Amino acid sequence: MTGLVRQYGTLIALIAIVVVFSIASPGAFGSMSNLVNITQQMTLLAIVAIGATVVMAVGEFDLSTASIVSFGGIFVVYLFKLGVPAPLACLIVLAVAALFGAVSGFVVSRFQVLSFIATLATGTIIGGITFWVSDGATLLGDIPAGFRDMARGHVLGLPTLTWWLIAIALVVWVLLDKLEFGRRLYAIGGNREAARLAGVRIVSNTTAAFVVSAVLSALVGILLTARIGSASPTGGGGYLLSAYAAVFLGMTAFREGEANLPGTVVGAAIIAVIGNGLTILGVSTFLQDIITGTIILSAVLVRRIGRGAA
C-alpha cells in the first residue's frame, strides 16, 4: 500500500483536488463542459512542460523556453505580414527555434557551460530579437483564418488544442520510453561520464534534447497566437515557472525523482485544475498564486518525508 501511494500519490492528489472542487462547486466546476475546458486550458502549459521534461532527462534546464514561446508567436505574425503562407511560416518558425535549441544544447554539452547560464543568455538574446522584430508592440492583423483553426473548434467532442496535446504527448512518450533515444537521454542524466564510456554521444544527444524543447516552445507560441488572434513580445512570460513546477510535480510520480512524461502531464493537470477551481470559487489571482505555490511545495515535501520514512 505504501509503495502504491509513493508511486501514484500525485495522481491520487489530482483526483482528490478534482473531487474537492466538484463538491465545492458542483454546478460549475463539476460539469463535463468545464472538465473538457480544463483540458484545453492545460494544453499549452503541458506542451512547454513536455519539452522541459526532455531537457531534464539529460539533467539540464532550459530557461529560454518562455522567450521562445514569445518569439514563436511574434515571428509567425511577422512572416504573415511579409506575405508568407501560413504552413511555410510555421515551418520557418519551428526551424529557427530548432536552431536556437541547437545552439543552447551545443554550448551546454560541448563546452560544459552550466545550462542555467547558457539558456539564460540565449533566452535574453531571443527576447531581444522578439522585441526588435515586433518593435515592442503586440502584433495583430494579417492572421489567416485557416491558421486560427489550428487552435479553435472541437474534434470528436474535444477541443482542437487538446488533440495537439494528446498527439505530442504520445510522440514524446514513445521517444523517451520506447526508443533508444530516450534511454540515451536518461543515461546521460543519470551519469554523464558512465554514459560517455558506454558509447553514448553526449553532445549530439544533449543538443537533440534542447532542440525538442525549443521546437515545442515555439509551437506553443504559434498555437497561442492562433488561439487569441494576436502575438505579444511577452506572451510566453508565464510559462517558464509553471512548466517546471509541472515537471517537478511529475518527478514525484510514476518514476520517483526522475523527469517522466506521464508525471509531467499529471503535474500540468494539477496546476490547471487548481487555477480553474479557484477562479470558479472567486479567489483573487494573488491568492491563487499563494495557494498554488503552497500546494506544490506541500506535495513535494510530503513525498520527500515519505521517502525518508520508507
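As a basis for the values below, the full set of heavy atoms in this structure was taken, side chains included, without hydrogen atoms, waters or symmetry mates. What you are looking at is a predicted structure, and each value in this text was computed from that prediction instead of being measured.
To the nearest 0.5 Å, atom CG of residue L175 and atom CD1 of residue I168 are 12.0 Å apart. Q288 CD to N276 CG: the interatomic distance, rounded to the nearest 0.5 Å, is 9.5 Å. We find the OG1-CD1 distance between T285 and I290 to be 11.5 Å, quoted to the nearest 0.5 Å. Atoms CZ and OG1, from R110 and T206 in turn, are 12.5 Å apart once rounded to the nearest 0.5 Å. The CE atom of M42 sits 12.0 Å away from atom CG of L161, with the distance rounded to the nearest 0.5 Å. To the nearest 0.5 angstrom, L223 atom CG is 7.5 Å from F147 atom CZ.
Q40 is listed as a side-chain neighbour of N37, based on a closest heavy-atom distance under 4.5 Å. Looking only at side-chain heavy atoms (C-beta outward), L44 and V48 stay at 4.5 Å or farther from each other. Proximity of L158 to I166: side-chain heavy atoms (C-beta onward) are separated by under 4.5 Å at one or more points. Between N34 and I280, some side-chain heavy-atom pair lies under the 4.5 Å cut-off. Considering only heavy atoms from C-beta on, F131 stays 4.5 Å or farther from I74 through its side chain. Residues I188 and I202 meet the side-chain proximity criterion, which asks for heavy atoms closer than 4.5 Å. Annotation: side chain of V266 is not in contact with side chain of L249 (no heavy-atom distance under 4.5 Å). With a 4.5 Å cut-off on side-chain heavy atoms, I92 and F75 count as touching.
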Pair L114-F61, side-chain contact (heavy atoms from CB on, under 4.5 Å): steps then yes or no: CA-CA 9 Å; L114 290 176; F61 292 88; over 6 Å; no
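Without hydrogens or angle criteria, S115 side chain to D62 main chain gives no donor-acceptor distance under 3.5 Å. Between the side chain of S25 and the backbone N or O of F21 there is no donor-acceptor pair closer than 3.5 Å. Looking only at distances, no side-chain donor or acceptor of S64 sits under 3.5 Å from a matching main-chain atom of S67. Panel note: side chain W164, backbone M150; a donor-acceptor pair is recorded below 3.5 Å. A donor-acceptor pair under 3.5 Å is formed between the side chain of T119 and the backbone N or O of L63. No donor-acceptor pair closer than 3.5 Å links the side chain of S213 to the backbone N or O of A209. Of the possible donor and acceptor atoms, none in the side chain of S104 sits under 3.5 Å from a partner among the backbone N and O of G101. The main-chain N or O of R152 is never found under 3.5 Å from a side-chain atom of R227 such that the two would form a donor-acceptor pair.
Centroid-to-centroid, the aromatic rings of F100 and F210 stay 6.0 Å apart or farther.
In terms of heavy atoms, A151 sits closest to A226 at CB-CB, 3.9 Å. Nearest heavy atoms, N260 versus G250: ND2-O, 3.2 Å. Nearest heavy-atom pair across T264 and A49 is CG2-CB, 3.5 Å. In plain terms, the two heavy atoms of M56 and V247 that are nearest each other are SD-CG1, 3.4 Å. Here the closest non-hydrogen pair linking A268 and A246 is N-CB, 3.5 Å. In plain terms, the two heavy atoms of I271 and S242 that are nearest each other are CD1-O, 3.4 Å.
Relative ring orientation between Y244 and F248 is described as tilted, the plane-to-plane angle lying within the 30° to 60° band.
Partner F29 forms a side chain to side chain contact (heavy atoms under 4.5 Å, CB included) with one of V273, L281, L278 and no other, that one being V273. Among the candidates I68, L224, I47, T65, the single residue satisfying the side chain to side chain contact (heavy atoms under 4.5 Å, CB included) test with Y239 is L224.
In this structure, V55 is not a member of the same hydrophobic cluster as V103, with clusters built from ILVMFWY side-chain heavy atoms closer than 4.5 Å. Hydrophobic clustering keeps L165 apart from V155 (ILVMFWY residues linked when any side-chain heavy atoms are closer than 4.5 Å, directly or through intermediates). No single ILVMFWY cluster, assembled from side-chain heavy atoms under 4.5 Å apart, contains both L219 and L91. I50 and L185 end up in the same hydrophobic cluster when Ile, Leu, Val, Met, Phe, Trp and Tyr side chains are linked at under 4.5 Å. M32 and I15 are members of different hydrophobic clusters when ILVMFWY side chains are connected at heavy-atom separations under 4.5 Å.
Defined by atom type and a distance below 3.5 Å, a donor-acceptor pair is missing between the side-chain atoms of S70 and T130.
Counted within 6.0 Å of CG on L241, heavy atoms from surrounding residues, nucleotides or ligands total 12 or fewer; the atom is thus considered open. Within a 6.0 Å radius of CZ in R201, no more than 12 heavy atoms belonging to other residues, nucleotides or ligands are found.
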